[in-house]
There are 2 protein chains.
Amino acid sequence: MSTSGRGLHGRVLDTLGPEITAGVYPAGSVLLTDELAQRFDVSRSVMREAVRVLESMHLVASRRRVGVTVLPSAEWNVYDPQVIRWRLAGADRPRQLRSLTVLRSAVEPVAAGLAARHATAEQCAALTECALGMVATSRGHRLEEYLVHDMAFHRVILTASGNEMFARLGDVVAEVLTGRTQHEVMFPDPDPAAVTLHVQVAEAVREGDAARAEALTREITVGALQELDILAP
Amino acid sequence: MSTSGRGLHGRVLDTLGPEITAGVYPAGSVLLTDELAQRFDVSRSVMREAVRVLESMHLVASRRRVGVTVLPSAEWNVYDPQVIRWRLAGADRPRQLRSLTVLRSAVEPVAAGLAARHATAEQCAALTECALGMVATSRGHRLEEYLVHDMAFHRVILTASGNEMFARLGDVVAEVLTGRTQHEVMFPDPDPAAVTLHVQVAEAVREGDAARAEALTREITVGALQELDILAP
DNA sequence: TGTGACAAATAAGTCTGACTTTTTGGCTCC
DNA sequence: GGAGCCAAAAAGTCAGACTTATTTGTCACA
């Protein structure tokens with residue numbers, strides 16, 4: 001489950017990536033390839049490969065005669081799963097979770113509406129199964145098992161939408177849900193109303209009722225926003 | 001405006017990236033670093049750097065004794081601006097524009113609602129300016145100028161939302177709008193109703209009316225979906 | 001004094017060749 | 001026919017020399 005353990009350059013990224021995203025080197029800081037290679041005790045070839053990856057994430061820019069410059073966070077590829085993981089592991093994890101939850105609240109209802117139109121029979125079955133699993137594990141301090149079904153549910157919705165951009169957010173949603181269960185303060189048992197909503201969404205998708213699926217999912221995400229105290233006055 | 005002209009490895013990516021995203025090498029195809037280096041007439045070091053970048057985009061996976069394997073498109077980092085550009089330049093540009101337009105339709109209304117709450121005075125002014133610019137260029141076959149204001153408008157909305165994930169979609173939306181003006185069939189003048197909606201969104205944001213800003217923006221994105229014949233029966 | 005061109009320093013970029021490591025596929029041997 | 005061993009293959013790593021572009025500083029000239 002680690003990030004990119006393969007290869008020496010991966011090891012370098014495992015520590016340099018989190019450092020940069022955590023703001024250890026403020027925007028504009030200049031790093032030197034040779035110094036970094038010394039610090040991590042790797043050859044320049046390996047160090048250069050690592051820098052190339054950071055560059056493709058727009059975390060740094062490499063310029064001749066200057067060095068490797070750290071870019072302002074506004075330039076970062078914040079949709080890169082690796083960057084997301086690095087940031088979630090860092091200090092501004094709460095802030096990151098909020099951003100991602102807002103994104104969820106925008107995307108998931110629309111995805112559910114599309115899923116109601118495009119979902120295959122297998123996907124409908126999987127959805128119902130997930131919902132039932134959530135019901136079954138919603139009582140008795142079985143949060144870990146509940147989480148598995150919850151993540152699977154949302155992943156199926158995003159996949160069944162038929163939109164590849166939505167589908168790729170499955171990992172992000174899973175990360176958010178995991179973060180909520182682990183880190184955030186949560187009741188020993190999930191909110192019964194939320195469980196019911198999931199069952200109803202599965203119903204609506206099965207019946208092809210796009211408007212209802214969208215509205216119900218919007219209720220779910222509103223709940224998620226409220227948990228993080230993100231709501232309109 | 002090119003992609004990554006800097007460096008030899010960038011040149012390699014400029015042709016290898018589009019080839020992979022265009023499906024020239026089907027998922028599972030195996031490429032050999034040495035052969036690629038020969039083909040592009042670069043050293044192995046440079047070729048390795050290029051492969052590392054492709055790897056970080058999850059376009060390929062490099063394994064010892066096997067080679068560089070092309071991954072199925074479901075694994076690609078489709079939110080990477082570079083990947084988006086490559087795919088938009090390729091054969092399935094229409095499909096890509098549809099995916100992105102659907103994403104827009106999900107994100108922009110929510111972003112507009114947030115902008116109504118968080119927009120600064122400067123951002124409100126910029127928004128009004130953009131809207132006025134759109135009105136001024138909405139007649140007389142001035143699509144190029146209109147497009148500039150249109151792109152700026154949506155970028156301000158996304159930025160003013162205060163959510164970094166939304167803000168980073170500014171480039172994507174700009175790409176979609178450009179694509180619509182250039183490639184797709186469009187009337188010589190933009191739809192007057194759409195122009196009015198933009199002005200009203202600017203108003204709503206200025207007045208802090210989140211619900212109205214969201215609803216109006218939803219109308220705009222519904223229009224965008226209809227242009228591409230994406231609509232519910 | 002300011003401005004231009006030129007020269008030197010610097011750090012990334014590139015190439016080459018040798019070596020290491022891991023994985024796989026086949027082969028032998030039981 | 002299966003377990004284990006061996007060799008080939010390809011990526012991975014390293015070290016060193018060289019190239020190129022960019023910046024900075026200096027010096028001469030207006």
Side-chain angles (χ1 to χ4, degrees), chain A residues 1-17 19-20 24-72 75 82, chain B residues 1-17 19-20 24-72 75 82:
Chain A
M1 186 70 83
S2 84
T3 147
S4 62
R6 302 195 215 285
L8 263 188
H9 87 283
R11 302 287 178 82
V12 173
L13 286 174
D14 284 343
T15 81
L16 195 52
E19 280 182 3
I20 293 175
V24 173
Y25 312 101
S29 303
V30 172
L31 310 172
L32 298 165
T33 306
D34 287 10
E35 288 182 9
L36 289 173
Q38 274 196 331
R39 174 185 160 196
F40 291 104
D41 195 39
V42 295
S43 67
R44 285 202 313 278
S45 327
V46 169
M47 196 60 228
R48 286 178 54 72
E49 288 170 25
V51 169
R52 286 285 178 253
V53 172
L54 295 174
E55 206 174 18
S56 86
M57 296 168 174
H58 286 85
L59 261 48
V60 303
S62 182
R63 274 167 50 206
R64 270 187 152 121
R65 164 70 206 223
V66 176
V68 178
T69 311
V70 177
L71 294 176
E75 305 245 17
Q82 183 106 81
Chain B
M1 185 71 84
S2 86
T3 145
S4 62
R6 301 194 216 287
L8 263 188
H9 86 283
R11 302 289 178 82
V12 173
L13 287 174
D14 283 343
T15 81
L16 195 52
E19 280 182 2
I20 294 175
V24 173
Y25 312 101
S29 303
V30 173
L31 310 172
L32 271 45
T33 306
D34 287 9
E35 287 183 8
L36 290 173
Q38 273 196 334
R39 172 184 162 195
F40 291 105
D41 194 40
V42 295
S43 68
R44 288 196 312 279
S45 329
V46 169
M47 197 59 230
R48 286 178 56 71
E49 289 169 25
V51 169
R52 286 283 178 255
V53 172
L54 294 174
E55 206 174 17
S56 87
M57 296 168 173
H58 286 85
L59 260 47
V60 304
S62 182
R63 274 166 50 206
R64 271 184 151 122
R65 166 66 208 225
V66 175
V68 177
T69 311
V70 177
L71 294 176
E75 305 245 16
Q82 185 104 80

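All of these numbers come straight from a predicted model, not from anything done at the bench. Below, all heavy atoms of this structure are taken into account, side chains as well, without hydrogens, waters or symmetry copies. Within every chain, numbering begins at 1; the chains are lettered A, B, ... in the order of the sequence lines, protein sequences first and strands thereafter.
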### Message
Can you tell me how far apart CG (A:Leu54) and CG (A:Leu16) are? Round to the nearest 0.5 Å.
### Response
5.5 Å

### Summary
So CE of A:Met57 and CD1 of A:Ile20: to nearest 0.5 Å the spacing works out to 10.0 Å

### Message
Any residue in residues 54-66 of chain A with a heavy atom nearer than 4.0 angstrom to DNA chain C? Just list them by number, or reply none.
### Response
A:Ser62, A:Arg63, A:Arg64, A:Arg65

### Query
Quick one: how far along DNA chain D does chain B reach, first to last nucleotide 5' to 3', anything under 4.0 Å to a heavy atom?
D:dA8 to D:dT13

### Task
Tell me, please, which residues at least two apart from A:Pro72 pass side chain to side chain contact (heavy atoms under 4.5 Å, CB included).
A:Ala27, A:Glu75

### Query
Considering residues at least two apart in sequence or located in another chain, which fulfil the side chain to side chain contact (heavy atoms under 4.5 Å, CB included) criterion with A:Thr33?
A:Met47, A:Arg48, A:Val68

### Query
Which residues within residues 33-49 of chain B lie with some heavy atom under 4.0 Å of an atom in DNA chain D?
B:Thr33, B:Arg48

#### Entry: Sub-4.5 Å side-chain heavy-atom contact between A:Thr15 and A:Phe40
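A side-chain contact under 4.5 Å exists here.
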
### Query
Would you say B:Tyr25 and B:Leu59 make side-chain contact, with heavy atoms under 4.5 Å?
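Answer no - side chains too far apart.
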
How far apart are the closest heavy atoms of [X] and [Y], and which atoms are they?
X	Y	value
A:Val53	B:Ser56	CG1-CB, 3.7 Å
A:Leu32	A:Gly67	CD2-CA, 4.3 Å
A:Leu13	A:Ala50	CD2-O, 3.7 Å

### Query
With sequence neighbours left out, what residues match A:Gln38 under side chain to side chain donor-acceptor pair (under 3.5 Å)?
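For A:Gln38 there are no side chain to side chain donor-acceptor pair (under 3.5 Å) partners, ignoring immediate neighbours.
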
### Query
Partners of A:Arg52 by side chain to side chain donor-acceptor pair (under 3.5 Å), sequence neighbours excluded?
A:Glu55, B:His9, B:Glu49

### Residue pairs involving residues 24-45 of chain A (criterion salt bridge (charged side-chain N to carboxylate O under 4.0 Å, His left out); sequence neighbours excluded)
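For residues 24-45 of chain A, and leaving out neighbouring residues, the salt bridge (charged side-chain N to carboxylate O under 4.0 Å, His left out) pairs sorted by first residue read A:Glu19-A:Arg39.
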
### Task
For DNA chain C, note the earliest and the latest nucleotide, 5' to 3', having some atom under 4.0 Å of a heavy atom belonging to chain A.
C:dA9 to C:dT14

